[in-house]
2 protein chains.
Amino acid sequence: MRDVAALAGVSLKTVSRVVNDEPGVSPSVRDRVLVAAGRLDYRHNLAASNLRRGGARTGVVGGLVQDVGNSFSATMLRAVEDALRPRSILLLAASLDEVDVREREIVENLLSRRVDGLVLMPASDRQDYLSAEVRAGLPIVFADRRPAGIDVDSVTVDNRAGARAAIEHLLAHGHRRIGILTDLASIPTSARRVEGVREAYAAARLPLDDSLLVRDIRDAGTASTVAAGLLDLDDPPTAFFAARNVIAEGVVRELMRRGLQRRIAHVGFDDLPMADLVDPGLTVIRQDATRLGECVGERLLARLDGDDSAPRHTVFAPTLVVRGSGEIRPGT
Amino acid sequence: MRDVAALAGVSLKTVSRVVNDEPGVSPSVRDRVLVAAGRLDYRHNLAASNLRRGGARTGVVGGLVQDVGNSFSATMLRAVEDALRPRSILLLAASLDEVDVREREIVENLLSRRVDGLVLMPASDRQDYLSAEVRAGLPIVFADRRPAGIDVDSVTVDNRAGARAAIEHLLAHGHRRIGILTDLASIPTSARRVEGVREAYAAARLPLDDSLLVRDIRDAGTASTVAAGLLDLDDPPTAFFAARNVIAEGVVRELMRRGLQRRIAHVGFDDLPMADLVDPGLTVIRQDATRLGECVGERLLARLDGDDSAPRHTVFAPTLVVRGSGEIRPGT
DNA sequence: AATGCATACGACAACGTTGTCAACCGAGCT
DNA sequence: AGCTCGGTTGACAACGTTGTCGTATGCATT
């Protein structure tokens, strides 16, 4: 900027006025400055500008999700991005992969960068390390998971009710032995779904065979292997509940491999792009990632606009989408 | 920081030494400073630090893709993120949606923020507005599309060869009327694929019926509609080539709706998560988004490490994945 | 006792900006 | 001629840090 000022024969402040489109600069001077800036490849330094302007906004919010590449996380992030675009707020995105120390590290990093807000799909089980920021009024919105240890906005899905609906659907179709494949037990989302499963059994006054409940499944390949193991039991399940999208994918693959896709029922949690195109169509508990993301974005903007009302916890009800796989009766 | 210094009864510089883990601070003073910092909710300000340290790194790179929510873009970004994580470099992600002014705006914004590098899946047809940055040595890597107007690293797939392989595969199976559904003609990627189609026809000395070539298809719904229109012709196609993942999804859906999925052949470009699970399995030209992203990340790191060799253009060969839908013969 | 030396700490300037305030200029007024 | 006034422009400090250099202290050496 100093060089531009020198080349244009004006003061620093005048260059500042020009790059900020402030009034009170004669057209001829403005032109001289712009030419000089162009010739010197000058770029305005937003960091210095933000620093000088004091507590002003940086125009960046952090978006920490489970996996930027997963369709659920990615779709949600996209919706958040769309909500922020009108204000030209950028998104600093990162994947946590359920690793809690990574969450801590990245959050600290983002806070040092003075992000204007945080969207968090946490990997940790408590987030009290954020309490200073909460006190300071930093906008934080939890996505897909509830905060623990601090009280801030959250937008989640009723996982318990969704899982319960899935199991009730299968029970209603006559199934009594249901293979239940679920994610890391440490993830609250996953824990809630297991609770929903137990609730459904309890409500139906039926016993849940714990040997059919397998936890800590992280990818489609493992899901296939686990499904295979259950199918090889002497008394195999007549139905599966896959508590996450990649798990459902693995189960479908194993059922197809064995040609059992029309004989073993299957309900997934979380929709997959082509779930309606497999045969039979995959019955799922759908959670609308776009709607969730929109709501997260909305909350964040409200907080950025100074809304300091009590934290709001929005819970969306997931919906059962009937497509065929979940309506197969035992012994077909 | 001033407050922390005052509370701890030390100078600014000493606090700076403590927060930066510099040597030469006695344990007792260090403790006093840390306690004071904790009590005052002090956070180190990275922007000010970077400013003072001069041209040092900001630890952020921009990642501009077509759509953060699309599986191809998202998977690629994820791979880039993984490559950058060991250096704790963060990714500022944004979707361009093929809107070229948005690309300009966001890139300018990122440059003002002094990002350390740029990953760009461009929406514009020329990027000469970046030439000053190229001259200045800013690491820029193009993903999935070649740069135009500037010369920087790029990592792409051979779209022409991929499309040609798809058409040759269908021609080899006896098809002569192939419905070709493709994305915006203005996207170079898309244009290359159409070139590949023409090449295949030319090599086989067969005429290409332009009425079967439909461009500017942006989503699965439109793809379904277009496929329906072609199927309703007096002389309908016996095969489809869907030149992008969402288009393939739409075509599959329409074929299934009409129960034609075993009678009309279909080859897609770009894999879909469950493409092997539909019946018949979807034959595709697969491009490995993860591998592409890894390569982009690698190039970026090399440039960040000072590699100033001539720009490298890595081209991956997409592979034909045979699953059934592409091997149906006409008149089955 | 005088010297050397390492260790711990602080004063100050600078990074690239911008808000504040003062200075200048020519035009229009009394 | 002296005045005010709106429109331009510039000097300076400050934002929160850190690199440089200087100073003070304690301790071992001669």
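Side-chain atoms are counted along with the backbone in the values below, which use heavy atoms only and exclude waters and symmetry mates. Chain A is the first sequence line, chain B the second, and so forth, proteins listed ahead of strands; every chain is numbered from 1. Quick caveat: nothing in here was measured; it's all calculated off a predicted structure.
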Looking only at atom types and distance, does a side-chain atom of A:R32 sit under 3.5 Å from a main-chain N or O of A:A8, one as donor and one as acceptor?
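Checking the backbone N and O of A:A8 against the side chain of A:R32, a donor-acceptor pair under 3.5 Å is found.
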Does any N or O in the side chain of A:Q127 come within less than 3.5 Å of the main-chain N or O of A:A148, such that one atom is a donor and the other an acceptor?
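It does hold such a pair.
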Do the charged groups of [X] and [Y] touch, with an N to O distance under 4.0 Å?
X      : Y      : answer
A:R145 : A:E98  : yes
B:D153 : B:R312 : no
B:R30  : B:D21  : yes
B:D3   : B:R39  : no

All salt bridge (charged side-chain N to carboxylate O under 4.0 Å, His left out) counterparts of B:D288, not counting sequence neighbours:
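Expected list: none.
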Tell me, please, which residues at least two apart from A:R291 pass salt bridge (charged side-chain N to carboxylate O under 4.0 Å, His left out).
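For A:R291 there are no salt bridge (charged side-chain N to carboxylate O under 4.0 Å, His left out) partners, ignoring immediate neighbours.
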Give the first and the last nucleotide of DNA chain C, reading 5' to 3', that has any atom under 4.0 Å from a heavy atom of chain B.
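Both ends considered, the range comes out as C:dA8 to C:dG16.
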Of all of residues 21-31 of chain A, which get a heavy atom below 4.0 angstrom from DNA chain C, listed by number?
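Close to the strand are A:E22.
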If every non-hydrogen atom of B:V25 is compared with every non-hydrogen atom of B:R17, which pair is closest and at what distance?
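Of all heavy-atom pairs spanning B:V25 and B:R17, the closest is CG2-CB, 3.7 Å.
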Which residue lies toward the 5' end of DNA chain C, A:R17 or A:L12, if each is placed at its nearest nucleotide?
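Counting from the 5' end, the first nearest nucleotide belongs to A:L12.
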Strand contacts (DNA chain D) in residues 38-53 of chain A, 4.0 angstrom heavy-atom criterion:
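By residue number: A:L51, A:R52.
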Enumerate, atom names and distances included, each donor-acceptor pair closer than 3.5 Å involving a side-chain atom of residues 54-74 of chain A, sequence neighbours excluded.
residue: A:R57; atom: NH2; partner: A:L304; partner atom: O; Å: 2.8
residue: A:T58; atom: OG1; partner: A:R114; partner atom: O; Å: 2.9
residue: A:T58; atom: OG1; partner: A:D116; partner atom: OD1; Å: 3.2
residue: A:D67; atom: OD1; partner: A:G69; partner atom: N; Å: 2.7
residue: A:D67; atom: OD1; partner: B:R78; partner atom: NH1; Å: 2.8
residue: A:N70; atom: OD1; partner: A:F72; partner atom: N; Å: 2.8
residue: A:N70; atom: OD1; partner: A:S73; partner atom: N; Å: 3.4
residue: A:S73; atom: OG; partner: A:D67; partner atom: O; Å: 3.3

